[in-house]
Each structure stands twice: as structure tokens, then as C-alpha cells.
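Okay, structure first, notes after.
In the text below, chain A, chain B and the rest are named by the order of the sequence lines, each starting its count at 1.
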Protein chains: 2
Amino acid sequence: METLRERKKRRTREALLRAALELFTTQGYERTTVDEIAEAVDVSQRTFFRYFAGKEEAAFAVQTMTEDRFLAAVRARPPHEAPMTALRQAFLEGWDAIREHVEEAVPVELYLRMYRTIGSTPALLAAHLRRSVAIEETMARVLAEREGVDVDSDPRPRLAVAVFGGVMRVTERQWSTGDDLSPEAIRALTASYLDQVGSALTGNWGGD
Amino acid sequence: METLRERKKRRTREALLRAALELFTTQGYERTTVDEIAEAVDVSQRTFFRYFAGKEEAAFAVQTMTEDRFLAAVRARPPHEAPMTALRQAFLEGWDAIREHVEEAVPVELYLRMYRTIGSTPALLAAHLRRSVAIEETMARVLAEREGVDVDSDPRPRLAVAVFGGVMRVTERQWSTGDDLSPEAIRALTASYLDQVGSALTGNWGGD
DNA sequence: AGGCTAGTGACAGCGACTGACAGTTGACAA
DNA sequence: TTGTCAACTGTCAGTCGCTGTCACTAGCCT
């Protein structure tokens, strides 16, 4: 049971988050000031910083939720699965149920639009990549444990995860700059690109 | 022939760069203010910003030089080489002649120490990754042209480059957190990790 | 020698962020 | 119901990265 104080806090946080994403996606991240966000919700700037460590944290708040779900999905994969298969399936699963889980916080459409803003804002892109690296580190440890190898002496877990992450970045880029900004579209792209990694590495694409 | 004015400019720039890297690597990037750097060279803060677009640009100034050399090396590779081979060789070549080329600007040791600082400073790591992505985009276009495919319709150039970049990141991480911070060490690691990508992807490392 | 202009310093200002302090409001017990 | 405590908030002042402006100095060129 949620107390009144907790309800108020949650509402303030969600209002700030929604206002922030709305402003970021419409007028741009850099051109949006924290004062503006606070004003839109009618709280002081100081209060914004009590809910979010910074502007950046607000921009990635929803992403954090879905990333946590992805990590949980990887951990829940059957242990006999090959590493790359486990990652692939967990990722696809994540996008399957995305609508319901995001909608609890903000409209899904806002979440999807935010991806585009992240891709086109250098500061956010940089933060996104740094966050991806952190997630990959966690994934590497999970994979290493699944396979019973030591993540620090055996480079293969980190290599596998880095390759997977690389493909994901190419996928995201293609998706977020394209026309079809739907979960179904990124699912299809992901599957297709993962299938093509092998042939991309062997080279001689020209087929002369 | 260099005029007096040009000489003065170059000396100011180099002095600022050296002071910045020295401060970054010893007391940390975040704990170093631009005022401090300017003061160390005895110029105004405003002047610092006339030589570098920001604190970050100073931190990556030398890296930019070596990255340009790497890109040039890729372009100079024989056209019949397979894409991944070309990238691999260009990268190894870059580290071969690193000492002479860096030493023109700053002591090599400072350059190598800066790598460690980048790896351990979240803001710099994020910037480094964003810069890597930009380089990978250029590399993808170079490879696509070499192989005669269209970089926008065929995902393989970007996939190959993303995989290579992923392996490079794992390599850099291992190298910059290890004991042996020498060009020879990263050369050896690079070769070793590139050899292991294939087996990392096929999974079943446990050998149960 | 004298004009032109690149380079500089000094100053003011913006935006992200932080610390300190005081006021307000919900939670909980007497 | 009331009083106490803790949580939450607003206000204010200050730091730091970064930018625009303007006047001034010093190298360049005729």
C-alpha cells in the first residue's frame, strides 16, 4: 500500500520525466534547460536535481528500465544455450513486451522518439555508448558464469559481448534513422543483422 | 618558413596541451579546471578556449593525430586485401611508428598515461566512444568503396567495422588497465584478440 | 613609419550543478 | 487532536565550463 507522501513523490517524478522527454524530443536536448523542465511541472530547479542526478539521467530514465529487463532476460535463458543465442533471444524477448512495460511510466511513443533524439544528439549518443559498455561488462560476467570460464583471464566472454554490442549499435543506428520506428522493425533488423555478421567478417563482398 | 607569430601560437598551443595532459593524468580530469591549465601557462582562460573548443578537445588532441594516421593507413592498404585484414594491418602499423610521431607534440609517456585517464574517467570514456563511432563510420565508407558495395544498402561494411571496433575496445580496456602500458603490449593483445573472435562467437567455451 | 589585423586580456553573462539553511507538509505516536 | 519528527521543498549563493563583446597590444606588410 502506497502512502500519500509516496504517491506525491511518484507523481512529481513522472511529471518531471514526461515534461523532460517531451521537451527533449520536440525542441532538442541542448536547447532545453533544466529551469524549463522544472517550470513546466511548477517545481523549483533544485527539486529537479533531487529526483534526477542530472539532465542526462532524466533522458535515460526509461532506457534504464528496459535495459534492466534485458539483463534479467539474459540471466533467465536456459543454460545450455550458446552465448550468442542467449543474447539474441533475450534481446528479441525484450522488444516483444516493450509496450506494456514502458507505458507504466511514459507513453511508448515518447520512449521511441527519445531514441531518435539520443542518436542525433552528440552528448546523448556519447552517454548512451558509455552506458552500453557498462551493460556489456555485466553481460560478459553473466556469460562467463554460464559457461564456467573466468571473465578476467579468458577474453572470449568480453569479445562475444563486444561483437554483439557492435551489431546492436549498427542496428539501432539504422532503425533510429529510418522511417519505421516500431518495435517490430528493430526486431526484424536485429535478426537480419545478426545473421549477416558471419559473412561480413569473411570479406570479399564484392562477389567479383 | 614559419613566421614569429606562428611560432608563438604553436608554442602557446603546445604549452597548453602539455599542461593540460600533465594535470589531467596526475590529479584527474574532473578535478582540473580550465583556469588551472591557463594559469599554468600564464594565459587567460579565454585564450585557452581560443586554442581548444573545450576541455575535452585538449584531452583528445594527441589521440586525434594518431587516429588520422590510422585512417590514412587503412586507405593505403592494398585493395585486394580482405577488409578485416586491412584493418588489422593498418592498426598494427599505426602502433609501430607511434613514438616518433607523437613525440613531436608531447612526450609519448604522457600520451600513454592519458589513455589510462580516459579509461577511468566516465566523461572521457563516453567522449572516446563517440569519437570511435565517428571513426568507424569513416572506415565503413572506405571499406565499402574498396569492395565496391553501397554502404547504405549493404550492412556488411558497417557490421565488419563494428565488430573490429568492438574487439579494439576490449583490447584497449585490457591494455589500459594492465601493467604493461607499452605500444608493444597493445600490438600483441590486438593480434591475439582478433585471432580469438571467431571461436568466441561459436560458443561452448567451457569444453565440458 | 604607419596602417592593418591576428591574438590577447578583462569583463559580463548563461546554464548545469551543488551546498547550506529555512520553511512546509505528511507520518506517527501520545 | 495535537505535537513531534522526518521528509520534502524553495531560496540563495557559489563553482565551473563555456561564450560574446570590446578594447588593446604586437607582429606583419607596404
Exercise. For DNA chain C, what residues of residues 35-62 of chain A have any heavy atom nearer than 4.0 Å?
Worked result: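 Correct list: A:Gln45, A:Arg46, A:Phe49, A:Arg50, A:Ala53, A:Gly54, A:Lys55.
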
Between [atom2] on [N] and [atom1] on [X], what's the gap in Å once rounded to a whole number?
X	N	atom1	atom2	result
A:Arg7	D:dA7	CZ	P	19 Å
B:Arg5	C:dA6	CZ	P	8 Å
A:Phe24	C:dG15	CZ	P	14 Å
A:Leu4	D:dC8	CG	C1'	12 Å
A:Arg10	D:dA7	CZ	C1'	18 Å
B:Arg31	C:dC17	CZ	P	19 Å
B:Leu124	D:dG17	CG	P	12 Å

Exercise. Would you say B:Lys9 reaches C:dG7's phosphate, i.e. side-chain N/O to OP1/OP2 under 4.0 Å?
Worked result: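 For B:Lys9, the contact criterion (side-chain N or O under 4.0 Å from OP1 or OP2 of C:dG7) is met.
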
Exercise. Are OP1 or OP2 of C:dG26 and a side-chain N or O of A:Lys8 less than 4.0 angstrom apart?
Worked result: yes

Regarding [X] and [Y], does a basic nitrogen lie under 4.0 Å from an acidic carboxylate oxygen?
X	Y	value
B:Arg77	B:Glu81	yes
A:Arg113	A:Glu22	yes
A:Lys8	A:Glu2	no

For this session: Using the ring-ring contact (aromatic ring centres under 6.0 Å, His included) rule, collect all pairs that involve residues 136-166 of chain B, keeping only residues at least two apart or in two chains.
Result: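 Listed by first then second residue: nothing to list.
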
Exercise. Nearest nucleotide by nearest heavy atom, which residue falls closer to the 5' end of DNA chain D, B:Glu6 or B:Glu30?
Worked result: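 Nearest-nucleotide comparison on DNA chain D picks B:Glu30.
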
Seminar exercise, completed: Given the options A:Glu67, A:Glu136, A:Glu56, A:Arg131 meets salt bridge (charged side-chain N to carboxylate O under 4.0 Å, His left out) only with A:Glu67

Problem set entry | Step-by-step side-chain contact (heavy atoms from CB on, under 4.5 Å) determination, A:Gln196 to A:Ser192 | CA-CA 7 Å; A:Gln196 291 183 70; A:Ser192 159; 3.2 Å; yes

